[in-house]
Amino acid sequence: MSAPQSDFLKILTERGFIHQCSDLQGLDAKARAGELVAYVGYDCTAPSLHVGHLLSIMMLHWLQETGGKPITLMGGGTTQVGDPSGRDETRKLLTVEQIETNKQAIKQVFSRFLRFGPGGADAVMADNAEWLTPLNYIAFLRDVGRHFSVNRMLSMDSVRLRLEREQELSFIEFNYMILQAYDFVELNRRYGCILQMGGSDQWGNIVNGIDLGRRMGTPQLYALTCPLLTTASGAKMGKTAAGAVWLNGDMLSPYDYWQFWRNTEDADVGRFLKLFTTLPMDEIARLEALRGSEINEAKKRLATEATALLHGREVAEQAAETARKTFEQGSLSENLPTVAVPTAVLETGLGVLTAFGPDYAKLVPSISEARRQVKGGGLRVNDQPVTDERAVLSLKDLTAEGVIKLSFGRKRHVLLRAA
RNA sequence: GGGGGAAUGUCCCGAGCGGCAAAGGGGGCGGACUGUAAAUCCGCUGGCUUACGCCUUCGUAGGUUCGAGUCCUACUUCCCCCA
């Protein structure tokens with residue numbers, strides 16, 4: 001297969017976004033011929049997207065950069081049904097209210113990566129609740145359902161795996177692929193969208209959309225998937241101590257987001273720079289070639305660039321500076337997460353365990369956990385290890401800056417400030 | 001409809017002759033080593049308490065017992081076989 005000619009596919013290829021494509025040459029021709037309209041669908045199962053979704057968002061970003069029109073499709077309708085792809089068990093059905101709340105919370109993040117507006121090349125936000133909710137069951141069965149063969153549906157991975165493992169697959173989930181296929185057709189009719197992108201687990205669903213389009217008379221549609229995101233050591237990516245790596249700032253602070261990227265494994269740095277930053281390829285090649293401890297420079301660059309895309313340049317620089325002071329100088333940074341403690345409490349004396357626990361710094365989830373961590377040497381106050389679990393913090397523990405620095409492990413720090 | 005099996009520490013898998021805060025993994029967290037990396041080694045992994053200790057946990061609800069994850073009864077859910 002010859003190398004793609006269109007800017008869009010050239011970039012995606014050299015940056016490692018492409019896992020599978022239904023017809024790379026055909027799509028390449030379309031991309032060169034004129035404005036390419038493509039969409040990615042996002043379920044509203046959580047109140048924020050996470051790093052796993054970032055890959056597909058970046059694909060939309062590059063699409064717009066190269067003159068195409070991106071559509072972000074909110075799954076306001078499909079989330080009510082539940083996608084069985086890649087899941088062992090039926091997910092709990094969310095209430096319509098929860099879905100709506102999640103949808104609103106998720107929406108905001110896209111504007112960081114895409115320009116929305118009424119113009120031709122502006123990005124569009126759609127919501128499949130708009131056309132799925134009013135569907136009439138009988139009419140839908142006759143218009144759309146008749147194009148689906150149950151024999152073939154049973155052979156789709158999402159269904160087959162459940163059946164093979166003898167795990168329950170409810171009828172409602174069985175319908176998911178039909179709805180997603182219909183979305184593709186609907187978006188083609190409304191916006192002339194001819195390409196659906198997504199994670200590799202979406203391949204089956206996307207291809208169904210292409211087939212349905214052919215039967216229902218749309219122009220040729222295309223599928224393009226990106227690889228599943230894992231770290232070089234094989235772990236599924238996107239977890240920190242605190243849980244998932246959320247994109248919404250109120251669920252994961254920009255500082256923690258920066259830290260997440262800073263802690264990338266050596267072997268992943270080059271790959272992640274290509275996928276999650278917009279740095280030019282020759283710059284990435286230079287960074288990626290760094291060896292030994294020099295690769296830390298590349299990791300900092302990765303962290304700052306990735307954070308800048310999501311939270312803005314200024315916030316990213318600030319996170320970088322906070323990290324530099326904390327880790328490289330070992331000095332205090334005012335920008336570490338801060339918790340206010342009433343002065344009266346410090347006058348009386350605050351037990352260390354309590355200070356680290358859920359009532360104050362929230363570095364550990366319980367007093368018992370704090371106790372265990374003292375035994376294991378994991379807690380420090382003003383950089384001094386806590387050895388006595390009965391120790392008490394008071395006003396004289398305040399540093400010159402007027403704070404008490406609490407640390408859990410090497411990496412997590414919180415400042416207590418008298419208030 | 002009939003017969004059989006299963007649900008364990010709310011991250012997962014999984015042992016458990018009536019004395020169990022409950023074996024063992026995985027995962028996670030902490031420590032050492034490093035470069036805020038990987039690999040490796042060590043420790044921890046229900047809540048509360050300065051401490052003796054107290055409290056809450058084995059699908060749900062009752063019962064037997066000094067004492068129940070372990071025995072009995074009913075219920076719920078899932079699986080298998082027969083119809």
Side-chain angles (χ1 to χ4, degrees), chain A residues 46 87-92 162-170 230-245 255-273 287-304 306-307 319-331 333 336-337 349-359 361-381 383-393 405-414:
Chain A
R87 305 202 123 240
D88 282 349
E89 295 171 355
T90 304
R91 46 171 112 221
K92 202 176 58 182
R162 285 277 187 91
L163 295 180
E164 278 176 4
R165 295 180 197 163
E166 297 179 338
Q167 275 149 345
E168 152 113 0
L169 176 75
S170 70
T230 55
T231 67
S233 39
K236 36 207 171 302
M237 184 174 157
K239 294 281 187 182
T240 65
V245 181
Y255 172 76
D256 287 328
Y257 189 73
W258 193 94
Q259 281 297 325
F260 166 74
W261 292 108
R262 174 61 246 263
N263 286 305
T264 297
E265 294 177 27
D266 287 9
D268 288 324
V269 172
R271 190 159 57 103
F272 287 179
L273 280 166
L287 291 168
E288 177 174 34
L290 296 173
R291 284 291 165 264
S293 61
E294 285 189 336
I295 201 161
N296 284 323
E297 290 311 310
K299 291 186 189 179
K300 287 181 218 166
R301 196 68 193 283
L302 167 65
T304 301
T307 306
E321 178 59 14
T322 300
R324 196 185 65 76
K325 280 188 183 160
T326 306
F327 287 97
E328 292 176 28
Q329 281 184 356
S331 65
S333 170
L336 285 172
L350 176 60
V352 253
L353 299 180
T354 309
F356 278 91
D359 291 341
K362 297 180 177 56
L363 283 167
V364 294
S366 70
I367 301 298
S368 295
E369 176 63 16
R371 202 184 305 279
R372 278 192 291 269
Q373 288 300 340
V374 168
K375 290 196 181 81
L379 302 185
R380 276 167 296 135
V381 172
D383 298 318
Q384 295 301 309
V386 178
T387 52
D388 180 6
E389 59 184 54
R390 280 170 293 182
V392 170
L393 301 181
K405 182 182 178 191
L406 303 185
S407 309
F408 174 42
R410 287 287 142 194
K411 297 182 184 175
R412 272 167 289 168
H413 312 277
V414 165

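In what follows, chains carry the letters A, B, and so on, assigned in the order in which the sequence lines appear, proteins first and then strands, with residues in each chain numbered from 1.
- Nucleic acid contact for A/Leu379: none, since no nucleic acid atom lies under 4.0 Å from a heavy atom of the residue.
- Looking at every heavy atom in both residues, A/Val352 comes nearest to A/Asp388 through CG2-O, 3.9 Å.
- Side-chain contact check for A/Leu353 versus A/Val374: some heavy-atom pair is nearer than 4.5 Å.
- The residue A/Lys299 sits close to a base: some heavy atom pair falls under 4.0 Å.
- Remark: B/G35 base-pairs with no nucleotide; criterion is Watson-Crick or G-U wobble with both hydrogen-bond distances under 3.5 Å.
- Residue-level contact check: A/Arg410 touches the backbone only, with heavy atoms under 4.0 Å from sugar-phosphate atoms and none from bases.
- At a threshold of 4.0 Å, the pair A/Arg291-A/Glu294 does not count as salt-bridged, since none of the basic side-chain nitrogens sits closer than that to a carboxylate oxygen.
- Shown here are the side chain to side chain contact (heavy atoms under 4.5 Å, CB included) partners of A/Arg380, two or more places apart in sequence or in another chain: A/Asp383, A/Pro385, A/Ser407, A/Arg410.
- Nucleic acid contact class of A/Thr264 (heavy atoms, under 4.0 Å, all strands): sugar-phosphate only.
- Sequence order on RNA chain B of the closest nucleotides to A/Glu328 and A/Gly409 puts A/Gly409 first from the 5' end.
- With C1' as the reference atom, B/C33 and B/U40 are 9 Å apart, rounded to whole Å.
- Under the Watson-Crick or G-U wobble criterion, with both distances below 3.5 Å, B/C58 has no partner in any strand shown.
- B/U70 makes up no base pair with any nucleotide shown, lacking Watson-Crick or G-U wobble contacts both under 3.5 Å.
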Next item on the list: Encode nucleotides 49-55 of chain B as B, S and - characters from 5' to 3', where the letter depends on protein heavy atoms closer than 4.0 Å: B to the base, S only to sugar-phosphate, - to neither.
Entry: BSS----

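- Residue A/Ser293 places no side-chain N or O under 4.0 Å from the OP1 or OP2 atom of B/A37.
- Nucleotide B/U65 is matched to nothing when pairs are restricted to Watson-Crick or G-U wobble geometry with both distances under 3.5 angstrom.
- The base-pairing partner of B/U10, taking Watson-Crick or G-U wobble contacts with both distances under 3.5 Å, does not exist among the strands shown.
- With a cut-off of 3.5 Å on both pairing distances, the Watson-Crick or G-U wobble partner of B/G1 is B/C82.
- Not counting sequence neighbours, the partners of A/Thr304 by the side chain to side chain donor-acceptor pair (under 3.5 Å) test are A/Trp258.
- By the 4.5 Å heavy-atom criterion applied to side chains, A/Tyr255 and A/Leu336 are counted as neighbours.
- With sequence neighbours excluded, no residue forms a side chain to side chain contact (heavy atoms under 4.5 Å, CB included) with A/Gln384.
- In this structure, the side chains of A/Asn263 and A/Lys299 stay at 4.5 Å or more apart for every pair of heavy atoms.
- In this structure, A/Arg262 has no salt bridge (charged side-chain N to carboxylate O under 4.0 Å, His left out) partners at least two apart in sequence or on a different chain.
- Annotation: B/U64 and B/G25 have their P atoms spaced 40 Å apart (nearest Å).
- For the C1' atoms, the distance from B/G18 to B/C72 is 14 Å, rounded to whole Å.
- Base-pair partner of B/C17: not found among the strands shown (Watson-Crick or G-U wobble, both distances under 3.5 Å).
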Enumerate the protein-to-nucleotides 43-45 of chain B contacts in which both atoms are nitrogen or oxygen and the separation is below 3.5 Å.
none

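- Remark: A/Arg412 is in phosphate contact with B/G30, judged by side-chain N or O atoms under 4.0 Å from OP1 or OP2.
- Across B/G30 and B/A38, the matching P atoms stand 12 Å from one another, rounded to whole Å.
- In this structure, A/Phe327 places its CZ atom 14 Å from C1' of B/U34, rounding to the nearest Å.
- Between B/A37 and A/Lys411, a contact under 4.0 Å exists linking OP1 or OP2 to a side-chain N or O.
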Next item on the list: Determine, step by step, whether A/Leu393 and A/Leu406 satisfy the side chain to side chain contact (heavy atoms under 4.5 Å, CB included) criterion, reporting the C-alpha distance in whole Å, the side-chain angles of both residues, the deciding distance to 0.1 Å, and the verdict.
Entry: CA-CA 11 Å; A/Leu393 301 181; A/Leu406 303 185; 4.2 Å; yes

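- Nucleotides B/C75 and B/G3 have their P atoms positioned 13 Å apart, rounded to a whole Å.
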